[in-house]
Amino acid sequence: MISVTRRGAARLTAVVLASGTAVTGAIAAGVPAAADEAPQNAGGVSASLGRITAGSEAVVRDARKTGSVQAGLFEMKVDGGGTLQTYCVDIRTNTVEGARYKETGWSESSLHGNKDAGRIRWILQHSYPQVNDLAALAKDAGSGPLDANTAAAGTQVAIWRYSDHVKVDAKNPAAQKLADYLHKSAEDVAEPKASLTLSPPAVSGKSGQKLGPVTVRTNAGSVSVALAGDAAGKGVKIVDKAGKPVTTTGNGGRLFFDVPSGAADGTISLKATAATKVPVGRAFIGDHTKTQTQILAGSSESTVSATATANWAKKGAIPALSARKSCAKGGVEITADNKGDQAFTFELEGRKHTVKPGGSETTLVKVAEDQAYKFTIKGPNGFSKTFAGILDCETAQNTRVTRIGTHGAPGAAAPSPRPSRTPAGSTGGSHGSTGSGTTAGDLASTGGSTATPKIAGVAIVLVVVGSGAVYLLRRNKTAGQ
């Protein structure tokens with residue numbers, strides 16, 4: 001059995017958000033994205049979490065708990081090719097085995113309100129693996145000899161002190177001295193830019209026009225662009241401002257959807273792809289999965305991508321819809337543009353919204369922390385856009401997670417080789433908890449549970465049963481009056 005605490009239960013709350021002329025509702029953590037869902041992130045890398053490749057033990061201490069953790073460097077495999085190296089920036093949240101991650105900005109992660117986020121990036125730039133001359137790193141830190149395990153552990157400990165503001169020390173003396181050096185030396189540096197984005201992610205207009213522009217922002221030398229779906233049948237082309245067809249572009253490139261006059265009303269997407277190294281310090285959050293937030297420490301040349309959509313019609317309302325998470329505002333911002341000659345009316349959270357011709361409106365949909373959401377907005381001519389995800393904006397500092405003892409024997413210095421499943425009947429853990437006789441308390445496990453969807457199902461059943469009980473009580477009370 002897995003104990004679901006208040007915060008855990010909140011993650012499984014079912015929510016229905018009214019949207020468009022119809023509602024698409026249910027929300028459950030861990031449910032994979034449907035194929036027709038619009039991308040929530042601005043673009044970049046998609047990757048799957050792998051094993052811890054280097055690290056050793058650390059100890060977290062505060063007024064309520066003391067626990068051993070594995071402090072180390074994760075590896076991720078990039079969709080389409082490439083590998084990433086990452087550290088954790090949320091010590092008390094479990095990792096989920098094989099979890100999928102999306103590159104994102106700090107504003108959409110637990111770093112959004114962290115005044116020390118820039119110092120974390122400085123640590124990443126000035127330690128392992130960016131600095132792979134460990135002898136030189138040891139000399140700067142005055143730590144004594146370092147190897148990959150102790151360098152990774154010391155780096156992770158220093159990061160945790162700024163990401164989670166916890167009292168944490170490395171068990172290895174050299175790793176501890178490195179952590180102290182990095183923590184004291186860190187300076188505030190700027191947030192890195194995305195590896196690839198398309199802005200805006202949605203455009204609209206009348207057929208017979210060039211719809212756009214969609215601007216490319218990237219650190220890649222060249223970006224390939226192509227239409228997705230049945231582009232040939234619709235006669236749509238990707239062109240530049242002069243109307244010349246485009247198949248490759250670069251940073252600052254401006255793309256347009258050239259929709260032929262008389263084309264049947266419709267929607268189409270373009271996909272931009274490139275190969276580049278992702279900038280150190282980019283955040284990675286779970287893609288439709290609540291899992292430990294990561295921060296990039298190193299990247300091979302990796303496949304990055306972004307999409308943009310176009311919607312057109314001959315007349316009437318012609319909407320373009322996009323969404324972005326706003327951790328500062330505690331929800332999801334939905335932007336509706338209307339390039340048609342009639343008003344675009346839709347419902348969201350039970351309220352009717354009207355966007356006049358040529359107008360734009362942004363609406364904030366409040367979403368609770370760790371809550372999954374999914375909603376659909378519909379428009380004329382079969383137009384429909386679905387947005388889904390999980391709002392994960394805070395570190396789990398106040399979450400109670402019981403200890404999981406699956407990551408090595410007491411005193412073991414080697415990290416867990418991969419995120420593991422939460423075993424049935426287990427009691428809590430911490431980024432690879434190892435020490436028996438300690439109280440891990442709020443510490444999490446690198447092996448988050450794969451049973452989350454089952455728990456979500458149970459939670460939904462309980463909600464239904466509870467609703468039925470309330471109905472019966474009210475009915476009996478009425479009958480007795």
Review point. Can you check side chain to side chain donor-acceptor pair (under 3.5 Å) on N149 and S56, steps first, answer last?
Key: CA-CA 6 Å; N149 286 330; S56 63; over 6 Å; no
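- Using a 4.0 Å cut-off between charged side-chain N and carboxylate O, K171 and E57 make a salt bridge.
- Side-chain atoms of R217 never come within 3.5 Å of backbone atoms of L196 as a donor-acceptor pair (strictly under, hydrogens ignored).
- With hydrogens and angles ignored, the 3.5 Å screen pairs a side-chain donor or acceptor of E191 with a backbone N or O of W106.
- D140 and H126 share no side-chain donor-acceptor pair at under 3.5 Å.
- Contact check on D180 versus R161 returns a salt bridge, with a Lys/Arg side-chain nitrogen under 4.0 Å from an Asp/Glu carboxylate oxygen.
- No donor-acceptor distance shorter than 3.5 angstrom exists from the side chain of S300 to the backbone of S302, with no hydrogens or angles considered.
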Exercise for review: Report the C-alpha distance between Q125 and V189 in whole Å, list the side-chain angles of each, state the deciding distance to 0.1 Å, and finish with yes or no for side chain to side chain contact (heavy atoms under 4.5 Å, CB included).
Suggested key: CA-CA 10 Å; Q125 292 172 328; V189 294; 4.1 Å; yes
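- Counting heavy atoms from C-beta on, the side chains of R61 and V59 come closer than 4.5 Å.
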Exercise for review: Decide yes or no on salt bridge (Lys or Arg N to Asp or Glu O under 4.0 Å) for R51 and E75, but give the supporting numbers first.
Suggested key: CA-CA 6 Å; R51 60 193 290 271; E75 182 178 82; 6.0 Å; no
Review point. After noting the C-alpha distance and the side-chain angles of H165 and N114, does the key distance pass the side chain to side chain contact (heavy atoms under 4.5 Å, CB included) rule?
Key: CA-CA 10 Å; H165 299 100; N114 190 332; 3.6 Å; yes
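- Y101 and T291 share a donor-acceptor pair across their side chains, judged by distance under 3.5 Å alone.
- In terms of modelled atom types and a separation under 3.5 Å, the side chain of Q130 and the main chain of A297 share a donor-acceptor contact.
- Scanning both residues, S384 and T376, for their nearest heavy atoms gives OG-CG2, 3.2 Å.
- Residues I334 and A323 share a closest heavy-atom pair of CD1-CB, 3.6 Å.
- Between D116 and R119 there is a salt bridge, since at least one side-chain N of the basic residue sits less than 4.0 Å from a carboxylate O of the acidic one.
- Side-chain contact between L146 and L178 is present, with at least one heavy-atom pair separated by less than 4.5 Å.
- Annotation for A186 and W122: closest pair CA-CE3, 3.4 Å, computed over non-hydrogen atoms.
- For the atom pair T53 OG1 and L73 CG, the distance stands at 4.5 Å (nearest 0.5 Å).
- When each of T395, V60, I159 is paired with I91, the side-chain contact (heavy atoms from CB on, under 4.5 Å) condition holds for V60 and for no other.
- The two residues A174 and P145 have their closest heavy-atom pair at CB-O, 3.5 Å.
- With respect to the salt-bridge test (charged N to carboxylate O, under 4.0 angstrom), the residues D164 and R92 do not qualify.
- A salt bridge does not link K102 to D79: none of the charged nitrogens lies less than 4.0 Å from a carboxylate oxygen.
- Contacts of P201 classified as side-chain contact (heavy atoms from CB on, under 4.5 Å), with partners at least two apart in sequence or in another chain: S322.
- Checking side-chain atoms of N251 against main-chain N and O of T218 turns up a donor-acceptor pair under 3.5 Å.
- For the pair N311 (side chain) and P319 (backbone), a donor-acceptor distance under 3.5 Å is present.
- Between the CG atom of L134 and the CG atom of D147 there is a distance of 7.5 Å, given to the nearest 0.5 Å.
- To the nearest 0.5 angstrom, I120 atom CD1 is 12.5 Å from W160 atom CH2.
- E333 has its side chain within reach of T362: a pair of non-hydrogen atoms, C-beta onward, lies under 4.5 Å apart.
- Note that NZ of K290 and CD1 of I390 are 8.0 Å apart. Values are rounded to the nearest 0.5 Å.
- Here L124 contributes atom CG and Y87 contributes atom OH; the two are 7.5 Å apart, rounded to the nearest 0.5 Å.
- The backbone N or O of V367 sits nowhere less than 3.5 Å from a side-chain atom of Y373 that would complete a donor-acceptor pair.
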Exercise for review: Using the side chain to side chain donor-acceptor pair (under 3.5 Å) rule, take E361 and T363 through it: C-alpha gap first, then chi angles, then the decisive distance, then the call.
Suggested key: CA-CA 7 Å; E361 178 182 310; T363 302; 3.2 Å; yes
Which atom pairs, donor and acceptor, lie under 3.5 Å between side-chain atoms of residues 270-277 and protein residues at least two apart or in another chain?
residue, atom, partner, partner atom, Å
T276, OG1, N219, OD1, 3.1

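- Here the closest non-hydrogen pair linking V216 and V223 is CG1-CG2, 4.3 Å.
- Residues T83 and V78 form no side-chain contact, since every pair of their non-hydrogen atoms from C-beta on lies 4.5 Å or further apart.
- One N or O on the side chain of K366 and one on the backbone of K329 form a donor-acceptor pair closer than 3.5 Å.
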Exercise for review: Could you give me the CA-CA distance, side-chain angles and deciding distance for S48 and K77, then say whether side chain to side chain donor-acceptor pair (under 3.5 Å) is met?
Suggested key: CA-CA 5 Å; S48 298; K77 294 190 178 300; over 6 Å; no
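- Here the side chain of K325 pairs no donor or acceptor atom with the backbone of G389 at under 3.5 angstrom.
- At a threshold of 4.5 Å between non-hydrogen side-chain atoms, the residues L49 and F284 do not count as touching.
- Atom CD1 of I295 sits about 7.5 Å away from atom OG of S109, to the nearest 0.5 Å.
- A side-chain N or O of Q292 and one of Q294 form a donor-acceptor pair less than 3.5 Å apart.
- Ion pairing between a basic and an acidic side chain is recognised when a charged N comes within 4.0 Å of a carboxylate O; E103 and R282 show such pairing.
- With hydrogens and angles disregarded, no donor-acceptor distance shorter than 3.5 Å links the side chain of D287 to the backbone of S46.
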Review point. Does the side chain to side chain contact (heavy atoms under 4.5 Å, CB included) test come out yes or no for V225 and T248, once each step is laid out?
Key: CA-CA 6 Å; V225 294; T248 60; over 6 Å; no
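- Looking at V203 and V214, their side chains come closer than 4.5 Å, going by heavy atoms from C-beta outward.
- What you find for F74 and G50 is that their closest heavy atoms are CD2-O, 3.9 Å.
- Side-chain contact annotation: S110 with D90, donor-acceptor N/O pair under 3.5 Å absent.
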Exercise for review: May I have the step-by-step check of side chain to side chain contact (heavy atoms under 4.5 Å, CB included) for F375 and L348, ending in yes or no?
Suggested key: CA-CA 9 Å; F375 52 93; L348 189 59; 4.1 Å; yes
